[in-house]
Amino acid sequence: MKTKRLVILLSIFALIITIVVLSSTLFSLSKVEVAFVEVPTNFSIKDSQQIIDSGEFNYKQSIFLVKKSKHISKIEEDFPTLKVVNIESKFPNKLVIQVIERQEYLALYNLGIEKYYVVDEDMKILRIVDNPLAVSSIAKCMISQSLSNYNVGEFIAFDNETTILNQLASAFWACNYSEKEMNELVKSVFVDVSNNELVISTYCKFYFTIKSPTVKLAEKLFAGNDAIFGPKGVGEDFVGEVLVYENVLEGGICANTIKNG
């Protein structure tokens, strides 16, 4: 009986403390800052106030009650090329918006439509262009999913093709390629759903054909890259196909170079 009474008293005390903390002006949001996780190229510290204003923060609200996801959505809606990594609480009354610039990854298009949808690795549309020359430095990729109803700032819905493309971005990172370095190598990408293949054409005279790209894609890309650029690789002047697949019987990834002619 005494134990039960003690639990009730402690619960009431905890509730009182919670109410006092939440209503205290000490914890009322009074300052919001922006911190770029990486050195920006298109933004600067001068843009910080605009980024903060777009979040529509309530400075009278307790820092414990801030719904961060709501503010992240507002910021990313107004600034499609920014990604909010996190909103960090700095007690007692400050928030720090941690952001990075989204990097252009692929220029997606549908057959017969004269528009290119430039996306980052999350499949968020950063810009839409009509002129192919405006995306000359970005790897192009034709996909079957209709893009005509999408606008800048929206995420393209994931299907078999876009899921593989999303995984490919991570695979290039695993192979130490940044988006810029990837686009310096890759001319175009094609997901052959019917044959379960991923074809990566390069600005050199070779291309990668990766079998079953939904499985161990990073390992397969690494093996294919090593077949060209590794210590025992054939070199970037190689002309032909690099066929990459998993040898289930031997339990390893194989990358065979097949010279044209």
Side-chain angles (χ1 to χ4, degrees), residues 11 14-106 108 117-128 143 145-174 178-179:
S11 299
L15 179 61
I16 294 172
I17 293 297
T18 301
I19 293 172
V20 170
V21 168
L22 291 179
S23 59
S24 172
T25 55
L26 176 65
F27 296 102
S28 295
L29 179 63
S30 64
K31 191 172 184 180
V32 181
E33 295 178 351
V34 173
F36 284 91
V37 178
E38 299 172 353
V39 178
T41 56
N42 298 313
F43 288 86
S44 71
I45 197 67
K46 296 178 181 179
D47 302 303
S48 294
Q49 192 56 52
Q50 285 183 291
I51 295 170
I52 294 169
D53 292 343
S54 69
E56 298 180 4
F57 293 92
N58 180 1
Y59 287 91
K60 296 180 181 180
Q61 185 180 33
S62 170
I63 195 170
F64 297 103
L65 299 178
V66 174
K67 294 182 179 179
K68 296 179 180 180
S69 59
K70 179 185 72 173
H71 300 296
I72 290 172
S73 297
K74 288 181 178 295
I75 293 169
E76 292 194 344
E77 183 179 345
D78 284 0
F79 295 89
T81 59
L82 283 182
K83 181 175 183 177
V84 180
V85 179
N86 184 33
I87 296 181
E88 182 182 6
S89 299
K90 292 280 191 178
F91 295 105
N93 52 18
K94 185 170 75 172
L95 296 176
V96 179
I97 308 168
Q98 298 174 342
V99 298
I100 60 173
E101 288 182 324
R102 293 181 180 272
Q103 302 298 317
E104 296 184 342
Y105 167 50
L106 291 173
L108 305 180
Y117 295 73
V118 180
V119 299
D120 73 341
E121 62 182 40
D122 295 327
M123 297 295 127
K124 184 177 186 179
I125 300 173
L126 306 183
R127 58 190 178 107
I128 301 173
I143 64 174
Q145 182 183 163
S146 177
L147 300 173
S148 58
N149 293 325
Y150 283 101
N151 299 307
V152 172
E154 295 180 337
F155 290 90
I156 294 174
F158 279 89
D159 61 4
N160 290 339
E161 290 175 290
T162 47
T163 297
I164 291 172
L165 296 175
N166 173 257
Q167 294 173 350
L168 181 61
S170 299
F172 269 108
W173 270 107
S178 65
E179 288 90 346

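Remember, it's a predicted structure, so these values are computed and weren't measured experimentally.
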Between [X] and [Y], which heavy-atom pair has the shortest distance, and what is it?
X      : Y      : result
Ser28  : Asn93  : O-CB, 3.1 Å
Ser54  : Asp78  : CB-OD2, 3.2 Å
Glu101 : Thr41  : OE1-N, 2.7 Å
Ile97  : Val32  : CD1-CG1, 3.7 Å
Glu121 : Ala169 : CB-CB, 3.5 Å

With distance as the sole test, does Thr163 use its side chain to make a donor-acceptor pair with the main-chain N or O of Asn160 at under 3.5 Å?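 Side chain of Thr163 to backbone of Asn160: no pair is present.
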Residues forming a side-chain contact (heavy atoms from CB on, under 4.5 Å) with Lys31, sequence neighbours excluded: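 In terms of side-chain contact (heavy atoms from CB on, under 4.5 Å), with neighbours along the sequence ignored, Lys31 is linked to Glu33, Lys94.
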Sequence neighbours left out, what passes side-chain contact (heavy atoms from CB on, under 4.5 Å) with Ser44? Give chain and number order.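 side-chain contact (heavy atoms from CB on, under 4.5 Å) check on Ser44 returns Lys46, Asp47.
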Mind checking ring pair (Phe, Tyr, Trp, His ring centres under 6.0 Å) for Tyr59 and listing every partner two or more places apart, or none if nothing turns up?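 Residues passing ring pair (Phe, Tyr, Trp, His ring centres under 6.0 Å) with Tyr59: none at all.
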State, yes or no, whether a side-chain contact exists between [X] and [Y] at a heavy-atom distance under 4.5 Å.
X      : Y      : answer
Tyr105 : Leu168 : yes
Leu29  : Asn58  : no
Asn151 : Ile125 : no
Arg102 : Glu76  : yes

Please state whether the rings of His71 and Phe57 are parallel, tilted or perpendicular, taking 30° and 60° as the class boundaries.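 Correct class here is parallel.
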Contacts of Ser170 that satisfy side chain to side chain donor-acceptor pair (under 3.5 Å) - sequence neighbours left out: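 Listed in chain order: nothing, the list is empty.
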Under 3.5 Å, which donor-acceptor pairs link side chains of residues 79-90 to any protein atom two or more places apart or in another chain?
{"residue": "Lys83", "atom": "NZ", "partner": "Asp122", "partner atom": "OD2", "Å": "3.0"}
{"residue": "Glu88", "atom": "OE1", "partner": "Gln98", "partner atom": "NE2", "Å": "3.0"}
{"residue": "Ser89", "atom": "OG", "partner": "Lys68", "partner atom": "NZ", "Å": "2.9"}

Reported CD1-to-CG distance for the pair Ile156 and Leu147, which is rounded to 0.5 angstrom: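 Between Ile156 CD1 and Leu147 CG, I get 5.0 Å after rounding to 0.5 Å.
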Interatomic distance, Ile63 atom CD1 to Leu95 atom CG [nearest 0.5 angstrom]: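 Between Ile63 CD1 and Leu95 CG, I get 4.5 Å after rounding to 0.5 Å.
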Applying ring pair (Phe, Tyr, Trp, His ring centres under 6.0 Å) as the test, list every pair that has at least one member in residues 148-174; sequence neighbours left out.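 Sorted pair list: Phe172-Tyr177.
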Please test Leu165 against Leu108 for side-chain contact (heavy atoms from CB on, under 4.5 Å), starting from the C-alpha separation and ending with a verdict. CA-CA 10 Å; Leu165 296 175; Leu108 305 180; 4.0 Å; yes
Can we say Glu104 and Arg127 salt-bridge, meaning some charged N sits less than 4.0 Å from an Asp/Glu carboxylate O?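 Salt bridge present between Glu104 and Arg127.
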